[in-house]
S.K.: 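The structure's right below; bear with me while I get my questions together.
Naming: A, B, ... by sequence-line order, numbering from 1 per chain.
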Protein chains: 2
Amino acid sequence: MDTTQRTDQQRSADQRRRELLEAADRVVLRDGPHASMNAIAAEAGITKPILYRHFGDKGGLYAALAKRHTDALLDSLRAALDAPAERRERVEATLDTYLAAIEARPQVYRFLMHPAEGGQPGDPGFDVGKHSAPLLRRMGEELAQVIEERLDLGPGGQQLARVWGHGIVGMMHAAGDWWLGERPCSRAELVRSLADLLWGRLAAAGDRVGGPGF
Amino acid sequence: MDTTQRTDQQRSADQRRRELLEAADRVVLRDGPHASMNAIAAEAGITKPILYRHFGDKGGLYAALAKRHTDALLDSLRAALDAPAERRERVEATLDTYLAAIEARPQVYRFLMHPAEGGQPGDPGFDVGKHSAPLLRRMGEELAQVIEERLDLGPGGQQLARVWGHGIVGMMHAAGDWWLGERPCSRAELVRSLADLLWGRLAAAGDRVGGPGF
DNA sequence: ACATGCATGTTACTTGCGGTAACACCAGTC
DNA sequence: GACTGGTGTTACCGCAAGTAACATGCATGT
């Protein structure tokens with residue numbers, strides 16, 4: 001077994017894989033998550049079985065595709081999270097980074113959020129929590145880690161950080177999703193409003209005249 | 001055209017529709033969102049074409065099904081939101097109501113959150129925002145309305161309330177989804193942590209030793 | 001009584017997609 | 001020149017969505 005040959009083959013295989021992923025990317029970007037394996041294969045200039053040899057099944061391809069974009073987005077977010085500025089500014093930068101990303105490529109975003117597969121055909125249907133958008137989970141965990149590292153939350157802080165991580169990510173996601181659909185305001189306003197929410201303005205707001213507040 | 005006859009037919013049709021929906025409910029609860037039209041028809045003791053006559057297509061059936069559960073859940077949430085207590089207590093009650101619901105029937109919850117269809121086959125693929133879980137949207141709008149009605153948020157308050165409504169719902173959803181999968185703590189603890197987040201504890205927390213905070 | 005609607009139900013089909021089996025080609029290696 | 005391993009193909013299976021086309025029960029109008 002020659003090492004150089006093996007390396008060459010490996011490199012070429014990886015190269016091929018990357019090409020296939022880029023083709024798949026184009027198709028998903030054009031057709032949305034409904035893209036069929038046939039269409040992807042055609043875009044790549046080949047036929048289905050090759051895709052299956054490389055990625056196992058559709059879930060595998062989608063997972064690989066999702067990983068690429070998720071990694072890229074997470075890198076951006078980490079950069080915003082690590083910027084040298086005070087807390088509020090960092091939070092706003094992170095929110096804005098995420099929103100800018102989904103605004104720039106809504107198709108990709110939509111694909112990442114709704115893989116809509118994940119469950120093996122033979123599953124006894126009860127895997128809630130595992131399949132819902134891995135991107136959200138990864139972002140949640142990442143943010144949780146940052147929070148836990150940098151904030152002093154007292155006893156039980158680690159768990160609190162995880163809850164907050166997932167909660168904040170979910171807030172960002174849902175608000176972004178809604179905003180992307182209705183565009184009721186500018187991105188900057190949205191960022192500001194969300195940061196205000198996280199800064200406790202909900203608790204601080206006064207009651208309206210006429211009854212007890214929410 | 002006799003009115004009584006028409007009414008009778010209508011009533012019977014509605015009755016049938018309800019029966020079909022309940023059968024579909026059972027199947028979805030048992031098999032998850034992968035339930036096939038054949039399976040649902042079999043459960044109802046009939047065959048496919050009848051389902052299609054009643055609901056148009058699978059999306060129609062799923063939409064009808066989702067509406068039932070969404071309405072039910074929203075009623076519960078409204079009750080929690082309207083309880084006679086102070087703001088923090090209401091928020092906690094609302095969070096707890098939602099979490100209790102998804103905890104009690106994860107299959108239903110999962111079905112509601114991942115319809116995974118929605119787009120017409122002929123769509124020119126760019127309807128981001130419309131298809132992602134109608135339940136989240138409805139809850140967001142509902143909460144926004146409550147917030148706007150009861151809180152004095154100053155100028156731009158209406159828009160702020162909408163952002164917050166969707167944001168809070170998203171936070172609740174994502175945290176609940178994660179919690180349901182990992183069960184890292186009790187429901188009460190989760191509720192408390194999320195309420196703390198909304199109450200500004202993130203902004204108030206002190207930096208950890210060794211560097212600027214998040 | 002008989003024909004006319006009309007809703008309800010069926011069987012049998014088409015279409016399209018995920019996934020696979022079997023075969024063909026084209027390097028390099030012994 | 002036979003052997004091996006990777007790349008590629010065509011042709012197929014299974015399954016689920018969705019659709020004709022036909023059959024039946026039951027009220028009505030003449």
S.K.: Would you indicate which nucleotide in C:dG18, C:dG9, D:dT9 comes nearest to any side-chain atom of A:Lys48?
M.R.: C:dG18
S.K.: Between D:dT7 atom P and A:His54 atom NE2, what is the distance in whole Å?
M.R.: 5 Å
S.K.: Nearest to the side chain of A:Pro49 - C:dC17, C:dA21, C:dG9?
M.R.: C:dA21
S.K.: Can you find a side chain N or O atom of A:Thr47 that sits less than 4.0 Å from OP1 or OP2 on D:dT9?
M.R.: yes
S.K.: Does A:Arg16 place a side-chain N or O at less than 4.0 Å from the phosphate oxygens OP1/OP2 of D:dG8?
M.R.: yes
S.K.: Would you say B:Arg68 has more than 12 foreign heavy atoms packed within less than 6.0 Å of its CZ?
M.R.: yes
S.K.: In whole Å, what is the span from the CD atom of B:Gln15 to the C1' atom of C:dT8?
M.R.: 15 Å
S.K.: Establish, yes or no, whether the cationic atom of B:Arg183 lies under 6.0 Å from the six-membered ring centre of B:Trp179 and within 45° of the ring axis.
M.R.: yes
S.K.: A:Ile46 CD1 to D:dT7 C1': how many Å, rounded?
M.R.: 10 Å
S.K.: Flag yes if more than 12 heavy atoms outside B:Gln158 fall under 6.0 Å of its CD atom; otherwise flag no.
M.R.: no
S.K.: Given atom NE2 of B:His34 and atom C1' of D:dA17, what is their separation to the nearest angstrom?
M.R.: 16 Å
S.K.: When the distance from OH of B:Tyr52 to P of C:dT14 is rounded to whole Å, what number comes out?
M.R.: 17 Å
S.K.: Mind checking whether A:Phe111 and A:Tyr62 have ring centres under 6.0 Å apart?
M.R.: yes
S.K.: How many whole angstroms separate atom OH of B:Tyr62 from atom P of D:dG18?
M.R.: 10 Å
S.K.: Rounded to whole Å, how long is the line connecting atom CG of A:Asp31 with atom P of C:dC17?
M.R.: 11 Å
S.K.: Nearest to the side chain of B:Arg53, heavy atoms from C-beta on, is which of D:dA17, C:dT8, C:dT11?
M.R.: C:dT8
S.K.: Here's a test of your reading of the structure: between A:Gly45 and B:Met37, which maps to the more 5' nucleotide of DNA chain D?
M.R.: A:Gly45
S.K.: Between the side chains of A:His166 and B:Asp177, does any donor sit under 3.5 Å from an acceptor?
M.R.: no
S.K.: Can you tell me how far P of C:dA7 sits from CG of B:Leu20, to the nearest Å?
M.R.: 16 Å
